Amino acid sequence: MSNQILSTRRTFLGAAAAAPFALQAASGPQPFGAVPSPGQWLWHQMEVYSFLHFTTNTFTDKEWGYGDEDPSIFNPTAFDAGAMVSALKAGGRKGVILTCKHHDGFCLWPTKTTEHSVKRSKWRDGKGDVVKEISQAAAKQGLKFGVYLSPWDRNNAQYGRPEYVDIYRAQLKELLTEYGPIYEVWHDGANGGDGYYGGAREKRTIDKKTYYGWPKTWDLVRQLQPNAVIFSDVGPDIRWVGNERGIANDTCWATYDPAGDKGGEASPGDVNARQSGTGTRNGKKWLPAECDVSIRPGWFWHANQNEKVKTPAQLMDLYFKSVGRGASFLLNVPPDRRGLLHENDVASLKSFGSQLAALFEKNLAAGAKVKASSTLAGSYKAAHLLDGKRETAWVAAEGAKTAEVEFTLKGEAGFNVIRLREEIRLGQRIGAFAVDAWKDGAWTAVGEGASVGSCRLVKLAQPVKTGKVRVRITDSAAAPALSEFGLYQASA
Ligand code: FUL
């Protein structure tokens, strides 16, 4: 094992956030390849969370504000953070990421760095703070809070000059120190172009690789919010999935060694997006994918899209194509001009949320007798697969590259969804698996896949009724390690 792996593991085990995991450094299984950091491990457990895209665009009907908008137009008439957060919660969301500043440069909090903010809006006589109200409502209702801070700022006169990078960092510092715990920091990849820029009204081009000084900015995040994960096209913690349709590739590795669009080193805004949906098998970096998509055609609210809200069935399909492939499902739900989520969005979220909760309410494999082809000595028994805890795992005997686990169910069960979770803190090991059902005296394959990672859902075309199920790991880079297994029945 390389020193790098050992040191990654030490960092992981040393951190307070990783405390529940009882890997024994000396005698337990050693991680294979890249593993999640404590912050990534916490992030993997969220799976579904939302964006709120809100700025002057909401009032001008634009998607990208030019930066010359009069701040006084930002004036939601019935702003209610609690109502918005509870609609997200009903939709099963575990976190909310607010566009604290989009490309137009308008800041939703009374920043000291610019006058282009809520301070100069009519809303609450210039005394309001959207970031504060959303973060507090989220904390109150048990959702985590994240910040989107656009690097590209079409309002700021300094954009394109070194001074702006200091301003950007100062904005980030305000957001990371004044609003409680932050779970995710989101840097989008749209960088440079024409804008207002303090009245210059011109085109400004920056060098994506060097201009923002990302390593220094990311250090600041680490220092101020050590458990926050940082998102960009290329991480360093969470990667863009490569499309804005909310879909990961069927095989989606949590490890990824990104390259630039035309080769060479990747950077935020310059990545070969065609590879981002799949990642890199046995890649050097743990860099799981996030699937961002809007519940409407646009990222911001537009009256003429009120009838184009995605249905609960479409949201469920996206859930299977994101979370079900080991990625996360970041669904944007944009506030309207009242400062509320539109009724159609709220209804769709609610229905999706209750369908999701109902789907996973009962694991039909619970209570089954479990037998594995091999098990590592220690506390890695196969019964852990059914204890509902990600912190415990079944690990096959050292050296095993294939393995089988058989579940004798308490009775016959009918199911059409299978869920597997890999013990990702030991690395992404499994490269192929199949699931068989016992039918008419023989095993019949009912599902299969390549990557498992933190979550793999297999949806069967037809429900299967059986008393015995078997998971076959047919390819694994190191002894297979799974933490959970479940069988579920999705309603039609
Ligand atoms: C992109 C932006 O240009 C869009 O407006 C939106 O915010 C999306 C989530 O990220 O880079």
Side-chain angles (χ1 to χ4, degrees), residues 48-67 69 74 88 93 95-108 130-131 134 146-156 159 168 171-172 175 184-196 203-206 208 211-212 214 229-235 237-248 258 261 266-273 276-277 289-302 305 308 310 318 322 327-336 341 345:
V48 283
Y49 45 89
S50 271
F51 259 149
L52 291 176
H53 268 65
F54 197 32
T55 182
T56 53
N57 292 347
T58 313
F59 301 86
T60 57
D61 226 5
K62 284 188 192 164
E63 277 289 309
W64 280 11
Y66 189 73
E69 294 75 23
F74 183 85
L88 296 179
R93 324 311 296 178
V96 49
I97 301 176
L98 175 68
T99 54
C100 302
K101 182 184 84 170
H102 201 253
H103 311 329
D104 56 270
F106 180 77
C107 294
L108 292 183
V130 179
V131 181
I134 298 287
V147 295
Y148 173 130
L149 186 69
S150 169
W152 184 25
D153 187 324
R154 303 175 89 188
N155 171 266
N156 204 291
Y159 184 81
Y168 183 78
Q171 292 177 340
L172 199 55
L175 292 173
E184 180 162 341
V185 177
W186 218 90
H187 307 289
D188 74 279
N191 283 317
D194 63 338
Y196 177 68
K203 187 167 177 190
R204 294 192 182 168
T205 316
I206 51 105
K208 291 175 192 167
Y211 176 60
Y212 294 108
W214 285 119
V229 287
I230 304 172
F231 167 96
S232 82
D233 291 347
V234 295
D237 299 321
I238 308 298
R239 76 177 193 257
W240 182 45
V241 76
N243 65 70
E244 290 184 337
R245 289 174 291 116
I247 299 177
D261 195 35
S267 60
D270 178 22
V271 67
N272 182 342
S276 300
E290 176 180 86
C291 301
D292 61 327
V293 60
S294 185
I295 197 164
R296 290 160 167 253
W299 291 103
F300 288 90
W301 178 86
H302 306 286
Q305 296 182 352
K308 294 186 178 152
K310 291 190 173 61
L318 290 174
S322 55
S328 69
F329 179 19
L330 168 50
L331 178 71
N332 175 59
V333 193
D336 62 16
L341 302 182
D345 306 51

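Start at 1 and go down the list; that is how both ligands and their atoms are numbered. Note that the coordinates shown come from a computational prediction; the quantities given were computed from them, not determined experimentally.
For an aromatic pair to be called close, the ring centres must be under 6.0 Å apart, and H187 with Y212 fails this. Aromatic rings from F54 and F74 are positioned such that their centres are separated by under 6.0 Å.
Residue W64 has at least one N or O atom closer than 3.5 Å to an N or O atom of ligand 1. By the 3.5 Å distance cut-off applied to N or O atoms, E63 is not counted among the residues near ligand 1.
Less than 4.0 angstrom separates some heavy atom of E244 from each of these atoms of ligand 1: 1 (C), 8 (C), 10 (O). Using a 4.0 Å cut-off to heavy atoms of H102, the atoms of ligand 1 that qualify are 4 (C), 5 (O), 6 (C), 7 (O). Contact atoms of ligand 1 toward F51: 9 (C) (distance under 4.0 Å to a heavy atom of the residue). Here is the list of ligand 1 atoms found below 4.0 Å of a heavy atom in D292: 9 (C).
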message = Using side chain to side chain donor-acceptor pair (under 3.5 Å), reason through H103 and S150 one step at a time and then give a plain yes or no.
response = CA-CA 6 Å; H103 311 329; S150 169; 2.8 Å; yes
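Looking only at protein heavy atoms, the nearest one to atom 6 (C) of ligand 1 is H53 NE2, 3.4 Å. Among all non-hydrogen protein atoms, the one lying nearest atom 2 (C) of ligand 1 is H103 NE2, 3.4 Å.
The side-chain contact (heavy atoms from CB on, under 4.5 Å) test with V185 is passed by exactly one of V147, D237, I238: V147.
Between the side chain of S50 and the main chain of L331, a donor-acceptor pair closer than 3.5 Å is present. Of the possible donor and acceptor atoms, none in the side chain of E244 sits under 3.5 Å from a partner among the backbone N and O of D292.
When heavy-atom distances to ligand 1 are checked against a 4.0 Å cut-off, T99 has no atom that comes that close, whether in backbone or side chain.
Shown here for Y196 and G67, the closest heavy-atom pair between the two residues is CD2-O, 3.4 Å.
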